[in-house]
2 protein chains.
Amino acid sequence: MTQQISSLDTAALVKKMTAEIQKGRIGDHSRKLASEPELMARYDVTRYTLRQALSQLASMGYTYQAHGIGTFVRPRRHSHTITMQNKVNLAEELSRQAHRLETKKARQRTIPLQEAEFLPVGCELPIDTRLIEVKRFRTLDGVPYVLECSYYLNDVVGPIPKDALYGSLFDFLRSQTVIKPGFIDEVISADTLAANEADFFNLSRGAPVLVVRDDSYLNSGQLFAFSKLKYNCETTQLFMFKKLS
Amino acid sequence: MTQQISSLDTAALVKKMTAEIQKGRIGDHSRKLASEPELMARYDVTRYTLRQALSQLASMGYTYQAHGIGTFVRPRRHSHTITMQNKVNLAEELSRQAHRLETKKARQRTIPLQEAEFLPVGCELPIDTRLIEVKRFRTLDGVPYVLECSYYLNDVVGPIPKDALYGSLFDFLRSQTVIKPGFIDEVISADTLAANEADFFNLSRGAPVLVVRDDSYLNSGQLFAFSKLKYNCETTQLFMFKKLS
DNA sequence: AAGTGGTCTAGACCACCAT
DNA sequence: TGGTGGTCTAGACCACTTG
């Protein structure tokens, strides 16, 4: 028996409660959780930490708090929905659900700004900016999943090693001491498939796709990457939870 | 001069700061806001309230807080993006930006569950459920904006007065004392336009549209409505802000 | 009235960035 | 080292639901 010497922080509590929810080890028959005072005692955290955690769980769609009634575990959704408002990697969440995300093809080259297929959604770049273009085809459990085209500012990130291309680019960037990712703007739209894109998805030309464009910024506020992701919307949807008032 | 007798709560502070940001009355030349201690003094709120407000402003994409650096006003986005994570009505936000949202056509009828064009995304309903179907065509500043098909559980909401159909259905429901809206699940997807839908948007058949399906629940956790909204994705995108770590 | 979650206070300490 | 935002404590009071 190892003894718990320091109490849990919010992230650890979220992780713990998430695991217990997924194992069904939390909540009674009506999916009602214990009250906040009881949970505070059980996890040995203060109300602040508990409520931070419950708020994160709610935003991920795992729980719902009803004023004057209680806290409830929510029914599970289909696994192939992407929860926006997620604090963790998509890859990380998928692997936790025992899904296998693979990069089938990846290509990298350095180009001037003019040759980019699209520009950032939310800001202007100097015309002499040099970009690293990365194109990837990724599958989920062997099924065509996402078509990705990203541009990284050459001056900020530098060349990307080949193995990072096939793993998590985000983890690679975080491991670079110079790069302190701060925030991401996402713009969601729709489009139809061109012929060559349709091949990858085994869909026909003109089929609808969900388009997610994002601009990634350093903590300092400087843009360091922007990209466009195309998802097969027949197999993938985006999920969002909104609490009212 | 009226004197401020009670200090601001979070919602009031958000409103005040939002207004000041939109008028450009906040932040210096580099868009940097005053530090938290200064803001606490200026608005006469505690740190808790201030940070709740700043957190809401950030989630709406108005500001960004950089650890160890400061808080910054972010450049304004195009006005025709819908900010998810909004605490307020879409109609309310649009009118604040001086946009004019109009309902061009609205139809209401009561039907059995079987005749619904689609079902809720996240839960099952008894087969004998009776629904109120509402179809609306709405324009923004005179331009085709959204095609809406909603179903309300007849037993929960009852008939909807005609003038509510042409205004905000949400405000009508909130005014009903029985209805306590609690939360909404949204699932975002893409589709292509059918011929009759294309007419409304002045687009051609097969053009891509952004599809937002939502399930609305009472505070008690019971479903009371579900709907499908189709947006012209050439003029409307969804926006989302994600802070990292 | 009792129990639930929602908001707020006042203060402490920590982590990050600049100098 | 001093100033910034990020996290946490311990407690108070309020608003909502149910009996």
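In the text below, chain A, chain B and the rest are named by the order of the sequence lines, each starting its count at 1.
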Asker: Using atom CZ of Arg174(B) as one end and atom P of dC16(D) as the other, report the distance to the nearest whole Å.
Answerer: 14 Å

Asker: Run the side chain to side chain contact (heavy atoms under 4.5 Å, CB included) check on Gln85(B) and Gln56(B) step by step: do they pass?
Answerer: CA-CA 9 Å; Gln85(B) 313 164 290; Gln56(B) 277 191 42; over 6 Å; no

Asker: Hey, do the aromatic rings of Phe226(B) and Tyr152(B) have their centres closer than 6.0 Å?
Answerer: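 No, the ring centres sit 6.0 Å or more apart.
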
Asker: Taking only N and O in the side chain of Asn219(A), is any of them less than 4.0 Å away from OP1 or OP2 of dC17(C)?
Answerer: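 Yes, because at least one side-chain N or O of Asn219(A) sits under 4.0 Å from OP1 or OP2 of dC17(C).
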
Asker: Thinking salt bridges, do Asp185(B) and Arg74(A) make one under a 4.0 Å N-O criterion?
Answerer: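 Judged by the 4.0 Å cut-off on N to carboxylate O distance, Asp185(B) and Arg74(A) do form a salt bridge.
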
Asker: Quick test of your reading of the model: are Arg213(B) and Glu186(B) salt-bridged, counting only N-O distances below 4.0 Å?
Answerer: no

Asker: What class does the angle between the rings of Tyr64(B) and Phe183(A) fall in, given that below 30° is parallel, 30 to 60° is tilted and above 60° is perpendicular?
Answerer: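 Judged by the thresholds at 30° and 60°, the geometry between Tyr64(B) and Phe183(A) is tilted.
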
Asker: Give the B/S/- string for nucleotides 4-13 of chain C, one per nucleotide from 5' to 3', where a protein heavy atom under 4.0 Å of the base yields B, of only the sugar-phosphate yields S, and otherwise -.
Answerer: BBBBBBS-B-

